[in-house]
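Contents: one structure, followed by commentary.
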Amino acid sequence: MRQGSPQEDIPVARRTGVRDEQREELLSAVRARTPVVLVEGPEGAGKSFLTTQVLSTSEAGLGPILTVFCGPESRHFAYHVVRAILGKAGLAVTIPPNPRRDVLFPEIRRAFDGLANCLVRLEDVHWADAASLDLLRFVLRDPPPRFSVLATRRSTGGWASSGSRLPGQVIALGPLEEEETAALAARISGKRLAPGVVSRIHSLSGGLPVYVEPILDVLARNGQAHSDERLIDSVFDHPLPSSLVGAVAHRLGEVTDGARRVLEAAALLQEPETVEALALISGLPSERVRAFVRHLLWCGHLVETGGYRYGFHAELDRLVVYEAIPGPQRQKMHQRATMMLDARDPRPMRRLVHHARRSGQLRAWLAQCEQATADAVEVGDSGVAMTILRAALTDDSLSTDERVRAVRRFCSLAPTVLDQERNTRMLGQLLRDTSLPRAIRAEVRLSYGLVLVREAGGIEQGRTEIELAIPELRDRPDLTARGMALLCAPYLGTQPISRHLPWLERAERTLEADAAITTDLPVLAGVLGARAHIGDPVAAERLAPYLGIATTAELRHQLARAHCNLADGYSWVGDAGRAQDLLHTGLDLATGAGASYVVGTAEATQIRLDWAAGRWERIDERAGELEESYPKLFPVVSELKLVKAWYAMAQGNWSEARRNLRDAGLADTRNSIAPVAIAASGALIHSLLAGDSIVQASRQADQAIELVRRKEGWTWSGEVIPSAVQAYLATGRDADADRLIADAETALEDRHAPLAAASLLAARAYRTAHLGGNAAEEYETAAAAHTRIGHHYRADQLTEQAALHRWHAGDSGAKDHLRLLAEHFDAMGATIDAGRCQRHLRAQSTARARIRDRRSVGGDLSPREEQVEQLVIDGQTNQEIADILFLSRRTIEEHVANVLRKRGVRSRHDLRRQ
């Protein structure tokens with residue numbers, strides 16, 4: 001029998017968030033004395049640790065526990081496991097050679113009566129001999145009182161085929177989910193790891209807990225790799241740390257020479273492959289490989305994917321096996337892989353280039369590299385092209401001409417794909433490469449700047465790099481125009497729009513005036529969007545002639561970009577109808593052209609339009625999912641953070657809203673997307689006003705309007721003017737409110753900015769209401785203006801104000817309107833708005849007035865206490881009230897106590913009921 005303890009070093013069961021359901025299920029089964037419980041899973045899944053932890057938790061009520069470890073030798077000796085059980089129990093029973101079943105089985109069953117109240121723990125029962133399993137099944141048909149078996153085994157094996165006839169239950173331990181890997185890693189390391197680091201650990205470990213701690217140990221010895229996913233690949237580069245090699249060797253154990261060759265073939269091919277492919281690379285006959293694959297599946301070393309393809313579950317297993325292949329053999333296997341993949345139709349170019357390079361066939365590899373890049377771009381798969389080019393640029397054997405060609409292709413594609421971090425690092429390295437010709441380094445600098453402006457915190461540096469590159473690109477008018485198209489984008493950073501206009505005019509002068517020429521598309525994509533953002537009239541029909549001549553993936557990409565940029569500009573100034581039409585066309589073009597970045601920006605714009613229109617179904621989830629898809633694209637992420645902040649505010653989750661507003665650009669406005677930062681400022685003012693923090697709101701309004709003035713971004717001011725005017729009026733700064741309205745009107749004259757224009761109508765209504773006038777008609781006019789441009793949520797809020805003013809003026813029908821609005825807001829998910837309407841209705845009711853009169857004998861409430869009372873009646877907790885009013889929880893507790901005392905009630909429930 002195998003000696004030693006089960007793998008006590010696998011920290012699974014005691015970890016919160018890891019195997020919780022399986023642990024509870026096993027604990028319940030053990031305590032119920034279920035006759036047979038089988039814990040199954042792949043090697044390294046933590047089966048032994050889980051059983052150890054559960055038994056140590058519940059052993060007080062279990063009676064004796066007999067532990068038997070099975071090993072490969074067990075299956076070669078009949079009744080080996082039964083003899084071990086009897087021996088552990090101290091039962092002297094002799095099993096003769098070749099016993100008669102009808103004699104032996106009843107005798108052993110009688111002997112097992114001595115194991116009443118015992119739990120037999122069988123480790124690795126997949127190694128148990130068939131005779132022992134047969135005898136155990138006989139015993140378990142009529143087991144001794146409170147006798148039970150707890151066994152662990154691999155996911156496949158003999159016990160599985162017969163286990164279904166046993167009166168027991170199976171508890172399956174599959175690989176950990178990524179969230180469980182994160183929890184386990186956090187427990188082991190004592191810190192919460194970055195999502196990218198967790199994802200890489202999960203990929204390396206294949207979700208097997210046995211690998212998580214060794215991987216973390218290696219990362220810990222390499223400094224910042226715990227927190228920086230970019231360092232992980234360098235840590236796990238060849239040669240692999242010996243501790244990891246040892247962990248993999250322990251899990252894989254001994255395999256035959258033929259099985260080893262199949263594992264090596266699978267490791268070299270990287271991706272799951274067929275038996276025939278494994279046979280070709282290993283040099284073994286297909287039938288032998290088929291048998292070896294069956295064995296390796298049984299051992300859990302390989303897994304089957306779709307299409308009868310087989311590969312490693314854990315990347316770490318593959319890396320260790322690949323590294324152990326001797327160099328000459330590895331080169332020959334790569335040559336076989338190159339020939340095999342070259343014969344496929346279509347050829348998998350990324351894999352083909354990888355194997356051609358690893359085989360040492362440099363000249364052939366270079367030819368494949370250039371062809372693969374061209375093919376990938378043509379079919380709209382720029383990501384594959386970039387993978388190929390990155391591999392080419394790290395090869396020191398390239399000649400100068402070959403390297404220059406690869407660099408130029410890389411620079412042309414880098415701004416169009418999503419792999420921001422690796423491309424930025426590569427471009428930074430190339431920029432420092434003084435061996436490159438100056439003109440090529442200028443191309444690198446341009447591409448570097450174009451990529452940087454899409455990163456958080458990179459807008460200012462990116463713009464600087466582009467400005468430096470343009471003078472050096474005088475002989476490349478196409479690239480110069482591409483740089484100018486970015487510099488004319490008015491929405492980047494906080495530089496005044498007037499600083500962008502010269503670039504915009506220069507870019508426009510490069511365009512062909514009388515005909516649609518494909519070379520104009522990259523510039524046109526930037527120019528049209530810029531004009532829409534600053535409120536200049538733009539004819540979307542200008543793009544129509546290009547639809548017939550954009551015949552390649554690259555041209556479709558640029559045409560999609562032009563449509564989506566124009567849609568983005570229209571959406572920010574409030575022309576939702578045009579924006580929606582352009583988005584539909586742009587998304588159709590982008591999806592077929594592999595334009596991932598364009599798709600991301602378009603989908604973010606769509607979510608923002610849906611927010612404004614009140615189409616909120618799953619909007620928070622959609623924003624979160626899109627953010628996960630484009631986590632490094634700051635223009636996309638910041639816009640999604642803004643929508644998530646708006647949604648959190650509508651739900652009353654003020655702390656979550658503030659976090660998202662900060663991430664949307666308020667933390668670093670210099671490197672923000674200007675309309676996003678301006679809208680976020682408006683949202684922050686609104687949240688402060690909702691919490692009655694009017695002084696803070698007024699100060700924030702000063703900062704927000706200063707940003708608008710400095711940026712000259714009046715066409716985007718529709719998201720901030722109403723809140724800023726309210727803040728000024730609330731703090732007695734009427735003159736500042738009037739000045740803001742007047743300045744906005746002047747700046748927006750002759751500008752196409754329907755949202756700002758509608759917001760000015762709302763601001764004037766707030767001004768009239770502040771002066772004590774009946775602003776109902778003005779609110780209705782502002783609401784109608786917002787409705788016309790598709791901003792239905794804002795229109796509903798203004799309609800609410802109009803109804804409230806009409807009710808105050810004696811219009812009884814306004815009450816019904818408010819009630820309908822409350823129901824509408826509630827159906828949308830606008831919890832705060834629905835609650836506000838309900839408060840209006842309660843505050844104006846006769847019954848409410850009578851209750852207030854009756855309560856006044858207990859003492860008058862302060863204005864703050866009245867706010868707290870209303871929020872308590874609405875069902876808010878102390879913490880939620882603290883978030884809404886921007887006060888500490890302790891202060892709220894004191895206010896609640898005062899309210900209860902003055903109202904003469906003992907609890908919040910009594911206050912609501914009264």
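Treat the numbers as computed from the prediction; the structure is a model and nothing was measured. These values consider heavy atoms only, across backbone and side chains, with no hydrogens, waters or symmetry-generated copies.
Taking the ring centroids of Y491 and W572, they lie at or beyond the 6.0 Å cut-off.
At least one side-chain heavy atom of L740 sits under 4.5 Å from a side-chain heavy atom of I705. Side-chain contact check for R806 versus E780: some heavy-atom pair is nearer than 4.5 Å.
Results of the side chain to side chain contact (heavy atoms under 4.5 Å, CB included) test with L666 over L661, N660, L642 single out L661 as the only residue that passes. Looking at D568, N565, T715 one by one, the single match for side-chain hydrogen bond (donor to acceptor under 3.5 Å, both in side chains) with H533 turns out to be D568.
The neighbour count for E777 CD, taken as heavy atoms of other residues, nucleotides or ligands under 6.0 Å away, does not exceed 12.
Atom CG of L501 and atom CD of E712 lie 8.0 Å apart (nearest 0.5 Å).
For I607 against V643, the heavy-atom pair with the smallest separation is CG2-CG1, 3.8 Å. Of all the heavy atoms in G586 and A560, the pair that sits closest is O-CB, 3.5 Å. The shortest non-hydrogen separation linking V637 to P631 is CG2-O, 3.7 Å. The two residues A532 and L566 make their nearest non-hydrogen contact at CB-CD1, 3.6 Å. Of all heavy-atom pairs spanning A803 and A814, the tightest one is O-CB, 3.1 Å. Taking all atoms of both residues into account, the shortest heavy-atom contact from L798 to Y779 is O-CB, 3.6 Å.
Using bins of under 30°, 30° to 60° and over 60° for the plane-to-plane angle, the ring pair W654/H686 lands in the tilted bin.
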Query - Stepwise side chain to side chain contact (heavy atoms under 4.5 Å, CB included) check, L760 with L748 - result: CA-CA 10 Å; L760 281 173; L748 292 168; 3.9 Å; yes

Exercise for the section: Any chance you could lay out the side chain to side chain contact (heavy atoms under 4.5 Å, CB included) test for T585 and L543, step after step, and finish with the verdict? Expected result: CA-CA 11 Å; T585 303; L543 293 173; over 6 Å; no

TODO: With side chain to side chain donor-acceptor pair (under 3.5 Å) as the test, would you mind laying out the steps for R908 and N878 before giving the verdict?
DONE: CA-CA 11 Å; R908 303 163 82 100; N878 285 351; 2.7 Å; yes

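Between the side chain of T601 and the backbone N or O of V598 there is at least one donor-acceptor pair closer than 3.5 Å. Proximity of a side-chain donor or acceptor of T669 to a complementary backbone N or O of G665 within less than 3.5 Å is not detected. Q651 contributes a side-chain N or O that, together with a main-chain N or O of G829, makes up a donor-acceptor pair within less than 3.5 Å. Judged by distance alone, the side chain of S759 and the main-chain N or O of L755 form a donor-acceptor pair under 3.5 Å. Side-chain atoms of K711 come within 3.5 Å of backbone N or O of G493 as a donor-acceptor pair. At distances below 3.5 Å, not a single donor-acceptor pair connects side-chain atoms of H563 with backbone N or O atoms of L582.
A cation-pi arrangement is absent between R608 and W646 under the rule of less than 6.0 angstrom and at most 45 degrees off the ring axis.
Salt bridge R659/E656: present, at least one basic N to carboxylate O contact under 4.0 Å. Under the 4.0 Å criterion applied to side-chain N and carboxylate O atoms, K641 and E627 are assigned as salt-bridge partners. A salt bridge does not link E869 with K902: every distance from a Lys NZ or Arg NE/NH1/NH2 to an Asp or Glu carboxylate oxygen is 4.0 Å or more. Using a 4.0 Å cut-off between charged side-chain N and carboxylate O, D736 and R739 make no salt bridge. E893 and R889 are joined by a salt bridge, as a carboxylate oxygen and a charged side-chain nitrogen come within less than 4.0 angstrom of each other. A salt bridge links R709 with D743; the closest basic N to acidic carboxylate O contact falls under 4.0 Å. The pair D581-R578 does not meet the salt-bridge criterion, since no charged nitrogen lies less than 4.0 angstrom from a carboxylate oxygen.
There is no side-chain donor-acceptor pair under 3.5 Å between N898 and E894. Side-chain atoms of H786 and Q797 form no donor-acceptor pair, as typed in the model, at a separation below 3.5 Å.
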